[in-house]
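One structure below.
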2 protein chains.
Amino acid sequence: MSVFAHHTHDFAANPDAALQAADAHFQKTGVRFTPLRRRVFEIILRAGKPIGAYDILERLRDHGKIAAPISVYRVLDFLIEQRFVHRLATINAYMACVTPEDPHAAQFLICQCCGSVTEISDPIIDKAIAEGAKTAHFQVSYPLVEIMGVCADCVREGKTPASGCAPDHDD
Amino acid sequence: MSVFAHHTHDFAANPDAALQAADAHFQKTGVRFTPLRRRVFEIILRAGKPIGAYDILERLRDHGKIAAPISVYRVLDFLIEQRFVHRLATINAYMACVTPEDPHAAQFLICQCCGSVTEISDPIIDKAIAEGAKTAHFQVSYPLVEIMGVCADCVREGKTPASGCAPDHDD
DNA sequence: GTAAGGTCGCTACACTATAACAAAATCGCC
DNA sequence: GGCGATTTTGTTATAGTGTAGCGACCTTAC
Ligand SMILES: [Zn+2]
Ligand SMILES: [Zn+2]
Ligand SMILES: [Zn+2]
Ligand SMILES: [Zn+2]
């Protein structure tokens, strides 16, 4: 297990548990968690890292389902609305929220080398943004924070974004 | 003049001054500020708010220039690289930097009602992100902060994103 | 059962961005 | 000024991302 298992309930790391939790949640709230919505959520969970809308579409088709892009986007809108999925604007991809039951402002650490993304929820960043916005008399509805860079693993391997993320040669 | 003229040197508010500053800068550095690049930068400046790549293309054509999308994107890459332009990932648009001479991490306040965008450079937000990333042993290359919400002007008019940004009726 | 509302399928389309290669302009050097 | 190397731009084609509009179907409420 990595030193950087950053969350105690990392649903994304346990697709089955996450699906069951979602089942329970929608059962409780009465919101309809249809087979299609469940299937798309499962695909996102099992991807293990951010996945594009058209990749989701492809995997739907792998399972015999004939679908058009719009179907995927509609489900994505639903899952985002329900806070089970986050959208990453920088890389046009979608990933499962690690703590969907807990409303939160999230920040994302996006590795430009390996494509991994870590969701964090740092109250200090959150507060700083709230304060900054307040100063400008700006009413925040959604604070998007996507931090591009190199993840701990890739740093350890000496990779850099400049060199196309190949390990650095110091010659 | 608005109460929210947020910057002392808001180049975007003075296209001519900004262009002259750019001329001087590129003269000094020896980097080539070609007519096309200058023209695109001028279009972005005169737009007064974020503008899409294809809108830039259209305005180029208005001035008799025949151009393909790729030309615009190449120039945009250049201007971003030179830090004279920022890209807004959330809305796929580009805007002039308010303080291009001063390297900075920027944050953007994007109004979902009127489409206006304000660039701020809040050291507290910046520091909070740096600290948060450090905790995760993540090496930051570019911290993207795009805060969606309602600007001061629109708040004053009672607009909300929920109602499609029409003024709120309380009936 | 029937009407209403929500979900999904289907076709087509709009918008955003890039690849590959050729032509032209610029620069450095002699 | 000629000339090769480099950079910039043009040209054509294509990839990638996201929506509109409408009708069928399915679920829910009465
Ligand atoms: Zn989350
Ligand atoms: Zn990495
Ligand atoms: Zn700036
Ligand atoms: Zn506004």
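Proteins get letters first, then strands, A, B, ... in listed order; numbering begins at 1 in each.
- Atoms CZ (A:Arg39) and P (C:dG9) sit 13 Å apart, rounded to a whole Å.
- Using a 4.5 Å cut-off between side-chain heavy atoms of Ile, Leu, Val, Met, Phe, Trp and Tyr, B:Val155 falls into a hydrophobic cluster with B:Val150.
- Ionic pairing of A:Arg156 and A:Asp153 is present here: one or more N-O contacts between side-chain nitrogen and carboxylate oxygen are shorter than 4.0 angstrom.
- Salt bridge status for B:Asp16 with B:Arg46: present, with a side-chain N to carboxylate O gap under 4.0 Å.
- Helix-axis bend for the helix from C:dG1-D:dC30 to C:dC30-D:dG1: the local axis fitted to the five terminal pairs at one end deviates from that at the other end by 30°, rounded to 10°.
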For nucleotides 18-26 of chain C, print each protein N/O atom paired with a nucleotide N/O atom at under 3.5 Å, atom names and distance only.
none

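- Distance B:Leu76 CG to C:dA17 P: 9 Å, rounded to the nearest Å.
- The residue B:Tyr94 sits close only to the backbone: its heavy atoms come under 4.0 Å of sugar-phosphate atoms, none of a base.
- For B:Phe26 and C:dC27, the CZ to C1' distance is 18 Å, given to the nearest whole Å.
- Classification of A:Glu58 and A:Arg61 as a salt-bridged pair fails, no side-chain N sitting under 4.0 Å from a carboxylate O.
- For the OP1/OP2 pair of C:dC8 and a distance below 4.0 Å, the side-chain nitrogens and oxygens of A:Lys65 include no atom meeting the criterion.
- With sequence neighbours excluded, the residues satisfying ring-ring contact (aromatic ring centres under 6.0 Å, His included) with B:Phe41 are B:Phe84.
- Under the 4.5 Å side-chain heavy-atom criterion for Ile, Leu, Val, Met, Phe, Trp and Tyr, B:Leu36 and B:Leu45 are members of the same hydrophobic cluster.
- Sequence order on DNA chain C of the closest nucleotides to A:Arg37 and B:Arg87 puts A:Arg37 first from the 5' end.
- For B:Ile91, the CD1 atom sits in a packed shell: over 12 heavy atoms of surrounding residues, nucleotides or ligands are nearer than 6.0 Å.
- Among residues two or more places apart in sequence or in another chain, the side-chain hydrogen bond (donor to acceptor under 3.5 Å, both in side chains) test is passed with B:Asp55 by none.
- Side-chain heavy atoms closer than 4.5 Å link hydrophobic residues (I, L, V, M, F, W, Y) into clusters, and following such links, even through other members, never connects A:Ile70 to A:Val72.
- From the 5' end on, the contacts that DNA chain D makes with chain A at under 4.0 Å to a non-hydrogen atom open and close at D:dT17 to D:dT27.
- Rounded to whole Å, the distance from CG on A:Leu36 to P on C:dG6 is 18 Å.
- Grouping the Ile, Leu, Val, Met, Phe, Trp and Tyr side chains by contacts below 4.5 angstrom, directly or via other members, places B:Met148 with A:Leu88.
- The neighbour count for B:Ile124 CD1, taken as heavy atoms of other residues, nucleotides or ligands under 6.0 Å away, does not exceed 12.
- Between A:Ser71 and C:dC10 there is no side-chain N or O to OP1 or OP2 distance below 4.0 Å.
- Between the CG atom of B:Leu57 and the P atom of C:dT16 there is a distance of 11 Å, given to the nearest Å.
- Taking atom CG of residue A:Asn92 and atom P of nucleotide C:dT16, one finds them 12 Å apart after rounding to whole Å.
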